[in-house]
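Following: one structure in structure tokens, then a few remarks.
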Amino acid sequence: MEAAQVIPGYGGVTGWAGLCWQGGRWFRGDDLWVDGEQSHRDVTVVTMLHARHQPGIRVSEERLRPRDVVMVDGLPLTVAARSVCFEARYAPDLRSAVRVFDLAAYNDLVSLEECGEYVTYLNGWTGVPQCREALALAEENVWSPREVDMRLVWRGATGARMRLLCNVPVFDLHGRFVGTPDLLDPVAGIVGEYDGGHHLAGAQRAKDVAREAELRATGLEYVTMLAADHPHTHQFERRLRDCIRRAERRPADERRWTLERPAWWIPTDTVAQRRALTESQRARLLAHRLA
């Protein structure tokens, strides 16, 4: 709100702060580390008019079309597609840029199709090659930032050309719902799960163990990324390769799972599907996103 006051009549808050104001759960601006200490990122405002830089506020003077500015609860913002593309263009690396697209889709702020349409307007802008590359790797059904990391490490370690599926429901051959793993390689028959700190104790741990047992019983192999697994330390990659070898030894007749959904199942895999839900359906099916 303070940053918006420096806008001289025409412009809007953009980037992570604009997405946060619109309800983006994962955009809090607290992902900056300076000398080993967590710090908050500056709020960026974009305006083609002269504005004075202030501590904690950055001013972008990139071209801004009037239709790219919206008012949300009294605050001028750039539209979600522009805010997402801004973050992806200026992200420090490709992984961070992919995270932006995935996590904006988490709260249905923008679809990948909408971002793709907006990118066509940005030819020649700073960071557009990275933005396009990240968009090609993005998914609309990720539930946490570390799931993005796991998917990208998995792709890099295996050279996977087959798309890894994010949070898809798995059923047994009788149509009974078994579970929704973080990641699934449907060709190799491997489930990938990320276990953060809250997965290590209490009711959540018991729930995770029970779900793993049920998924394994259908013939799926299991690999887990832990909170301590840094993308550059390769612990997860070693576990993944061991898991792939186990999956390759499984006979085909042990595959007792399917992705075919019963007629009564309501899909929530894409932004478009989630936007089409009724209010009661959103409250019931998207409770984990709205919390």
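When reading the values below, keep in mind they use all heavy atoms of this one structure, side chains included, and skip hydrogens, waters and symmetry mates. We count residues from 1, following the sequence as given.
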ask   = If you count the non-hydrogen atoms of other residues, nucleotides and ligands that lie under 6.0 Å from CZ in Arg239, is the total more than 12?
value = yes
Mind listing the side-chain donor-acceptor pairs of residues 124-138 below 3.5 Å, one per line with the distance, residues two or more places apart or on another chain?
residue : atom : partner : partner atom : Å
Gln130  : NE2  : Ala88   : O            : 2.9
Gln130  : NE2  : Ala91   : O            : 3.0
Arg132  : NH2  : Asn123  : OD1          : 2.3

All ring pair (Phe, Tyr, Trp, His ring centres under 6.0 Å) counterparts of Trp26, not counting sequence neighbours = Tyr106
Taking every non-hydrogen atom, the tightest pair across Met225 and Arg146 = SD-NH2, 3.6 Å
inquiry  = Using the salt bridge (Lys or Arg N to Asp or Glu O under 4.0 Å) criterion, which residues pair with Asp182? Sequence neighbours excluded.
reply    = none
key: salt bridge (charged side-chain N to carboxylate O under 4.0 Å, His left out) contacts in which one or both residues fall within residues 112-129, not counting sequence neighbours   = Glu114-Arg275
task = Under the salt bridge (Lys or Arg N to Asp or Glu O under 4.0 Å) rule, collect the residues that match up with Arg249, sequence neighbours excluded.
result = none
ask   = For Gln281, which residues count as a side chain to side chain contact (heavy atoms under 4.5 Å, CB included) partner, sequence neighbours excluded?
value = Ile266, Leu277, Thr278, Arg284, Leu285
Report, one line per pair, each donor and acceptor closer than 3.5 Å where one atom sits in a side chain of residues 2-15; sequence neighbours left out.
residue : atom : partner : partner atom : Å
Gln5    : NE2  : Met1    : O            : 3.1
Tyr10   : OH   : Leu64   : O            : 2.4
Thr14   : OG1  : Thr78   : OG1          : 2.8

Residues that, via side-chain heavy atoms closer than 4.5 angstrom, fall in one hydrophobic cluster with Phe86 = Tyr90
key: Results of side chain to side chain contact (heavy atoms under 4.5 Å, CB included) for Glu214 - residues two or more places apart only   = Arg176, Val178
task = Taking side chain to side chain contact (heavy atoms under 4.5 Å, CB included) as the test, write out the residues that go with Glu139, two or more places apart.
result = Asp102, Val142, Arg151, Arg163, Cys166
query = Can you name the side chain to side chain contact (heavy atoms under 4.5 Å, CB included) partners of Thr258, sequence neighbours left out?
reply = Phe171, Leu173, Glu260
task = Scan residues 7-23 for pairs that pass salt bridge (charged side-chain N to carboxylate O under 4.0 Å, His left out), counting only residues two or more places apart or in two chains.
result = none
